[in-house]
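Numbering starts at 1 and runs along the sequence shown.
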Amino acid sequence: MASNSSFDCVDEVPLHWVRANQLGILLCVIAAVAAQLPWILLVALAVQLMTRWLGIKYNVFVRLFAPLLPASLKSESRELLRFNNLLAILFLCVTLIAAALGWTVLAYVSLAMLTVAVVLALCGFCLGCFMYFQWKQFRRRRLTP
């Protein structure tokens, strides 16, 4: 595992980096709802897309918030984080598209789902990890005769 201060491409990501990203998403959600400006969520979406394409070292939330959090020796699997990142991107896209089309209920439902997942993750329960595990189990049962 890479040291906690290195932003190199790694298979295991330190937990405080993960928490920093989650905190950044949550702060964007709070700001968007408080200001009634869903376009603030474009910041979170841009950060998640950059992370997806370029890696963790380009995550602005990690750069900003990780130094403020206590360093952790625990880590998360890069594979799980990529799945969670995809879920965040999907929720943010649905929210922004629904808001642009004036479908307020769908926008708020999607944003609420993202918010619940992020808050649960910050509290220690990774809903995305649970979903990923269930998906892998389903696929394995389906492929195993």
State whether the side chain of [X] and the backbone N or O of [Y] hold a donor-acceptor pair below 3.5 Å, judged by distance alone.
| X | Y | answer |
| --- | --- | --- |
| Arg63 | Tyr58 | no |
| His16 | Ser72 | yes |
| Ser110 | Leu106 | no |

Closest approach of [X] and [Y], non-hydrogen atoms and distance?
| X | Y | result |
| --- | --- | --- |
| Glu12 | Ser75 | OE1-OG, 2.9 Å |
| Ala66 | Ala20 | N-CB, 3.4 Å |
| Ala99 | Ala107 | N-CB, 3.9 Å |

From [X] atom [atom1] to [Y] atom [atom2], the distance as rounded to the nearest 0.5 Å:
| X | Y | atom1 | atom2 | answer |
| --- | --- | --- | --- | --- |
| Cys126 | Leu80 | SG | CG | 6.5 Å |
| Leu41 | Leu92 | CG | CG | 6.0 Å |
| Leu96 | Ile40 | CG | CD1 | 11.0 Å |

Transitive ILVMFWY side-chain link [X] to [Y], under 4.5 Å:
| X | Y | answer |
| --- | --- | --- |
| Val119 | Val109 | yes |
| Phe65 | Leu122 | yes |
| Leu54 | Leu45 | yes |
| Val116 | Val94 | no |
| Val47 | Leu68 | yes |

Less than 3.5 Å apart, which donor and acceptor atoms pair up between the side chains of residues 21-35 and the rest of the protein, not counting sequence neighbours?
| residue | atom | partner | partner atom | Å |
| --- | --- | --- | --- | --- |
| Asn21 | OD1 | Gln48 | NE2 | 2.8 |
| Asn21 | OD1 | Asn59 | ND2 | 2.9 |
| Asn21 | ND2 | Gln48 | OE1 | 3.4 |
| Gln22 | OE1 | Arg19 | NH1 | 3.3 |

(request) Could you check Arg142, Arg140, Lys136, Gln134 and say which one makes a side chain to side chain contact (heavy atoms under 4.5 Å, CB included) with Phe138? (result)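 Result for side chain to side chain contact (heavy atoms under 4.5 Å, CB included) with Phe138: Arg142.
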
(message) With heavy-atom distances below 4.5 Å as the criterion, would you say the side chains of Arg82 and Leu86 are in contact?
(response)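 The answer is no; the side chains never approach within 4.5 Å.
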
(message) Is any side-chain heavy atom of Val60 closer than 4.5 Å to one of Met50?
(response)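 A side-chain contact under 4.5 Å exists here.
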
(message) Suppose the criterion is ring-ring contact (aromatic ring centres under 6.0 Å, His included): which pairs have a residue in residues 96-129, not counting sequence neighbours?
(response)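 Those involving residues 96-129 do not exist here.
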
(message) Checking Cys93 now: which residues fulfil disulfide bond (SG atoms under 2.5 Å apart) with it, not counting sequence neighbours?
(response)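 With neighbours one apart ignored, the set is empty.
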
(message) Using the rule given for side-chain contact (heavy atoms from CB on, under 4.5 Å), can you reason through Leu87 versus Met131, listing the C-alpha separation, both sets of side-chain angles and the distance that settles it, and then say yes or no?
(response) CA-CA 10 Å; Leu87 289 178; Met131 291 171 57; 4.2 Å; yes

